[in-house]
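Reviewing the structure listed below.
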Amino acid sequence: MEGLAYYIETFGCQMNEQDSLRAGERLKGAGCREVVSPAEADILIVNTCSIRRKAEEKAYSLLGRFRALKRRRPELTIVVAGCVAQQEGERLLDRIPHVDVVCGPHHVSEIGRLVKRSREKRQRFAMVSQMTNSVEDLECPGIPARNGLKAYVTIMEGCNNFCSYCVVPFVRGRERSRPCRSLLEEARHLLERGVKEVTLLGQNVNAYRAPDRMGFGFPDLLAALSGLEGLRRLRFTTSHPKDLSAELIECFGSLPPLCEHIHLPLQSGSDSVLEAMNRGYTRSVYLEKISALRDRVPNVAVTSDMIVGFAGEGLEDFEDTLAAIRHVRFDSIYSFVFSRRPGTRAARLEETVPEGEKLRRLHVLQAVQREISLEKNKALEGETFEVLVEGSSRNGRQWMGRTRTNKIVNFSGPEGLTGRFLPVTVREGCRNSLRGDFAAEHANPEDRGRCLSA
Ligand code: SAH
Ligand code: SF4
Ligand code: F3S
């Protein structure tokens with residue numbers, strides 16, 4: 001494997017991003033190097049997502065483009081990893097003759113070994129067995145994101161909820177939690193390397209149960225991590241509304257690093273749709289939890305996921321969804337059109353909403369939310385927030401950072417601010433971000449000196 005060049009393209013959620021980082025780290029450990037162009041690679045890895053049909057199609061289209069490369073260089077190894085790999089298994093080898101290795105999400109960290117076997121023995125194969133007791137595949141030394149300030153830590157994987165539309169429990173398997181000892185070690189290691197913000201990752205983080213400590217659940221993990229030196233910001237994604245316990249709500253506002261933001265997918269505002277989705281809560285239960293959270297931390301940012309056009313969703317159901325959005329006033333929403341996924345319960349339901357109507361509902365929902373996001377951001381004008389500066393803004397002319405509520409702030413300032421926590425006053429609230437000014441008068445003396453003199 002020494003000297004081989006690999007290229008990874010990642011689709012899907014942060015879980016996949018994290019898996020790709022882990023795979024890359026192992027490949028580098030085996031002497032490989034990463035390249036940014038598929039044409040220069042000896043190993044091509046596509047880490048796939050199958051949450052919606054479109055995500056799956058993107059992976060197939062990229063693999064289609066790799067066919068010409070393989071024709072030119074038959075010694076190339078092409079790997080399909082991730083959730084489509086798990087869903088399709090060996091069928092992928094028949095369907096795409098230029099694919100060499102099919103590797104489910106539980107085997108991504110073994111990619112080096114699998115590629116070696118395929119190259120040495122000239123074999124094509126699928127590795128899609130699922131782990132049930134072991135979490136060894138999730139162990140990792142801790143990898144900071146590119147600018148070294150933020151990192152994800154996978155605390156659990158899989159899901160036992162079986163929402164009727166969702167493939168995740170099938171492709172990622174049942175819930176498995178990592179030992180708290182190794183999580184704390186990983187976090188400590190990251191903080192020693194200068195990471196300031198840690199996001200705990202899992203399909204349902206609230207279901208976390210430490211296998212190495214009796215009765216140690218997610219709130220206990222948050223408390224333990226909050227005590228680590230150097231941790232300024234702690235986040236998590238995603239927690240399920242039905243498992244948002246009073247104990248977890250209490251963590252907000254009492255654990256200093258825990259940021260005032262929660263991503264809490266509602267999916268629909270209609271009780272009958274929620275039931276058909278098997279979400280395990282009603283709209284009023286959801287609203288009560290949000291109100292308990294806001295009682296505790298009034299400025300908490302709440303974001304959500306919504307699905308429109310679920311099988312059986314009538315116009316009144318959709319109106320209920322709009323009403324719920326207007327009631328909660330989310331800071332932002334990821335919204336999707338319902339997509340039938342193979343093997344799920346909802347795939348057997350009769351589709352009642354035509355594609356055009358699904359799209360219409362999506363656009364209506366997004367327009368309603370756009371207005372709310374804008375109003376909420378405008379309401380912040382004149383306020384000053386602590387911003388962690390992540391680097392230069394998209395246009396390269398300003399700085400970009402985030403508030404604790406996870407809002408993007410662009411502002412002007414002198415050189416060398418990356419990695420600093422600075423007070424920034426919001427000058428203008430836009431739909432997806434804030435524009436601000438460095439608030440020298442709020443800065444601690446060290447920051448003031450540095451920013452004004454530079
Ligand atoms: N584990 C997380 C998120 C899972 S996937 C959770 O439960 O909150 C991210 C989002 O994709 C979901 O919240 C849902 O809104 C959307 N999604 C999942 N399956 C879908 C499908 N079949 N069609 C459309 N959207 C879907
Ligand atoms: Fe999918 Fe539901 Fe599990 Fe989220 S909670 S991963 S939507 S089954
Ligand atoms: Fe997609 Fe798999 Fe994540 S289906 S959303 S990559 S868990």
Side-chain angles (χ1 to χ4, degrees), residues 9-20 46-59 80-88 103-106 108 128 130 138 152 154-176 200-208 236-244 262-269 273-274 276-281 286 302-311 313 321 330 333-349 351 353 355 358-359 361-362 365:
E9 179 99 16
T10 308
F11 298 98
C13 62
Q14 292 106 332
M15 212 80 181
N16 259 14
E17 298 278 348
Q18 200 61 10
D19 285 349
S20 289
V46 186
N47 198 3
T48 59
C49 170
S50 74
I51 199 81
R52 285 168 289 274
R53 206 182 58 215
K54 248 197 213 143
E56 190 175 345
E57 282 167 359
K58 275 193 210 157
V80 184
C83 296
V84 177
Q86 188 67 40
Q87 183 185 285
E88 297 301 313
C103 166
H106 292 189
V108 169
V128 288
Q130 288 190 328
L138 301 175
Y152 286 106
T154 306
I155 64 165
M156 57 84 65
E157 191 194 33
C159 186
N160 296 353
N161 287 327
F162 289 92
C163 301
S164 62
Y165 51 81
C166 184
V167 290
V168 170
F170 303 98
V171 290
R172 289 269 165 181
R174 294 307 92 75
E175 288 165 2
R176 299 177 296 145
L200 306 178
L201 263 192
Q203 265 87 30
N204 183 11
V205 286
N206 213 358
Y208 177 80
F236 57 83
T237 193
T238 306
S239 65
H240 191 294
K242 78 175 161 52
D243 300 322
L244 178 64
I262 190 163
H263 183 68
L264 199 63
L266 171 60
Q267 313 297 3
S268 168
V273 174
L274 285 172
M277 287 177 164
N278 192 32
R279 287 292 286 175
Y281 55 85
Y286 184 94
V302 184
T303 56
S304 199
D305 294 345
M306 291 287 183
I307 298 176
V308 297
F310 187 71
E313 183 189 78
T321 293
F330 294 103
I333 286 179
Y334 294 100
S335 48
F336 311 100
V337 153
F338 169 58
S339 166
R340 281 160 87 101
R341 304 311 294 138
T344 61
R345 257 204 290 149
R348 298 198 296 266
L349 298 176
E351 283 244 44
V353 192
E355 287 305 310
K358 283 185 189 171
L359 277 178
R361 291 182 194 179
L362 185 72
L365 184 154

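We number each residue from 1, following the sequence as shown. When a ligand or atom number is given, it counts from 1 through the structure's own listing order.
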(request) Measure the distance from atom 10 (C) of ligand 1 to every protein heavy atom, then report the residue, atom name and distance (to 0.1 Å) of the closest one. (result) D305 OD2, 3.4 Å

(message) Taking 4.0 Å as the limit for heavy-atom contacts, which would you say applies to C49 with ligand 3: side chain only, backbone only, both, or neither?
(response) both

(message) Students should be able to answer this: which protein heavy-atom is nearest to atom 23 (N) of ligand 1, and at what distance?
(response) S339 N, 3.0 Å

(message) With the threshold set at under 4.0 angstrom, would you say V168 reaches ligand 1 through any of its heavy atoms?
(response) no

(message) Within ligand 3, which atoms have a heavy atom of N16 less than 4.0 Å away?
(response) 6 (S)

(request) Applying side chain to side chain donor-acceptor pair (under 3.5 Å) between E157 and each of R174, R176, Q18, Q203, report the one that passes. (result) R176

(request) Show which atoms of ligand 3 fall inside a sub-4.0 Å distance from at least one heavy-atom site of Q203. (result) 7 (S)

(request) Using a 4.0 Å heavy-atom threshold (strictly under), name the region of T238 that reaches ligand 1: side chain, backbone, both or neither. (result) side chain

(message) Could you identify the single nearest non-hydrogen protein atom to atom 1 (N) of ligand 1 and state the distance to 0.1 Å?
(response) Q203 O, 2.9 Å

(message) Looking at L266, is its backbone amide N or carbonyl O close enough to the side chain of S304 to form a donor-acceptor pair, meaning the two atoms are under 3.5 Å apart?
(response) yes

(request) Identify, for atom 3 (Fe) of ligand 3, the protein heavy atom at the shortest distance, and state residue, atom and that distance. (result) C13 SG, 2.3 Å

(request) Identify the protein heavy atom lying closest to atom 14 (C) of ligand 1, giving its residue, its atom name and the separation to 0.1 Å. (result) Q267 OE1, 3.5 Å

(request) Could you tell me whether the side chain of N278 and the main chain of F162 form a donor-acceptor pair under 3.5 Å? (result) yes

(request) Identify the protein heavy atom lying closest to atom 20 (C) of ligand 1, giving its residue, its atom name and the separation to 0.1 Å. (result) Y165 CD1, 3.7 Å

(message) Using a 4.0 Å cutoff against the non-hydrogen atoms of R341, which atoms of ligand 1 qualify?
(response) 22 (N)

(message) Could you check whether any side-chain heavy atom of S339 comes within less than 4.5 Å of a side-chain heavy atom of K54, counting everything from C-beta outward?
(response) no

(request) For atom 5 (S) of ligand 1, find the nearest protein heavy atom and state the residue, atom name and distance (0.1 Å precision). (result) I51 CD1, 3.5 Å

(request) Verify side chain to side chain donor-acceptor pair (under 3.5 Å) between S50 and Q87, making sure each step is shown before the conclusion. (result) CA-CA 8 Å; S50 74; Q87 183 185 285; 3.1 Å; yes

(message) For distances below 2.8 Å, what is the count of protein N, O or S atoms around atom 3 (Fe) of ligand 2?
(response) 1

(message) Restricting to non-hydrogen atoms, name the atom on C166 and the atom on I51 that form the minimum distance, rounded to 0.1 Å.
(response) SG-CD1, 4.2 Å

(request) Would you mind telling me if ligand 1 is within reach of the side chain of V337, the backbone, both or neither, using heavy atoms under 4.0 Å? (result) backbone

(message) Starting from atom 4 (S) of ligand 3, what is the nearest protein heavy atom, named by residue and atom, and what distance separates them?
(response) S50 N, 3.3 Å

(message) Ignoring hydrogens, what is the shortest heavy-atom contact between H106 and R172? Give both atom names and the distance.
(response) NE2-O, 2.9 Å

(request) List the closest protein heavy-atom neighbour of atom 16 (C) of ligand 1: residue, atom name, distance to the nearest 0.1 Å. (result) R52 NH1, 3.2 Å

(message) My understanding is that we take every heavy atom of each candidate and find the minimum distance to atom 7 (S) of ligand 3. Doing that for M15, R172, Q14, which one comes out nearest?
(response) R172

(request) Would you mind listing which atoms of ligand 2 come within a distance below 4.0 Å of any non-hydrogen atom of Y165? (result) 7 (S)

(message) Can you confirm whether more than 12 heavy atoms, excluding those of K242, are under 6.0 Å from its NZ atom?
(response) yes

(request) Determine the minimum heavy-atom distance between H240 and C163, stating which atoms define it. (result) NE2-SG, 4.5 Å

(message) If you compare all heavy atoms of A81 against all heavy atoms of T48, which two are closest, and at what distance to 0.1 Å?
(response) O-OG1, 2.6 Å

(message) Which of the numbered atoms in ligand 1 are under 4.0 angstrom from any heavy atom belonging to F338?
(response) 23 (N), 24 (C)

(message) Please check: side-chain N/O of N204 versus main-chain N/O of C159, any donor-acceptor pairing under 3.5 Å?
(response) no

(request) Work out which heavy atom in Y165 is nearest to a heavy atom in R341; give both atom names and the distance. (result) O-CG, 3.7 Å

(request) Considering only non-hydrogen protein atoms, determine which one is nearest to atom 2 (Fe) of ligand 3 and report residue, atom name and distance to 0.1 Å. (result) C83 SG, 2.2 Å

(message) Less than 4.0 angstrom from a charged side-chain N to a carboxylate O is my criterion; do E56 and R53 meet it?
(response) no

(message) For a quick test of reading the model, state the closest non-hydrogen atom pair linking A59 to F11 and the distance between them.
(response) CA-CE1, 4.0 Å

(request) Find out whether V308 and V337 are in side-chain contact, i.e. whether some heavy atom of one side chain is under 4.5 Å from a heavy atom of the other. (result) yes

(message) For A276, is there any backbone N or O sitting under 3.5 Å from a side-chain donor or acceptor partner on S164?
(response) yes

(request) Check the angle between the aromatic planes of Y334 and H263 and answer parallel, tilted or perpendicular using the 30° and 60° thresholds. (result) perpendicular

(request) Distance to 0.1 Å, residue and atom name: give those for the protein heavy atom nearest to atom 8 (O) of ligand 1. (result) P265 CG, 3.0 Å

(request) Write out the residue and atom name of the closest protein heavy atom to atom 4 (Fe) of ligand 2, then the distance separating them to 0.1 Å. (result) R279 NH1, 4.4 Å

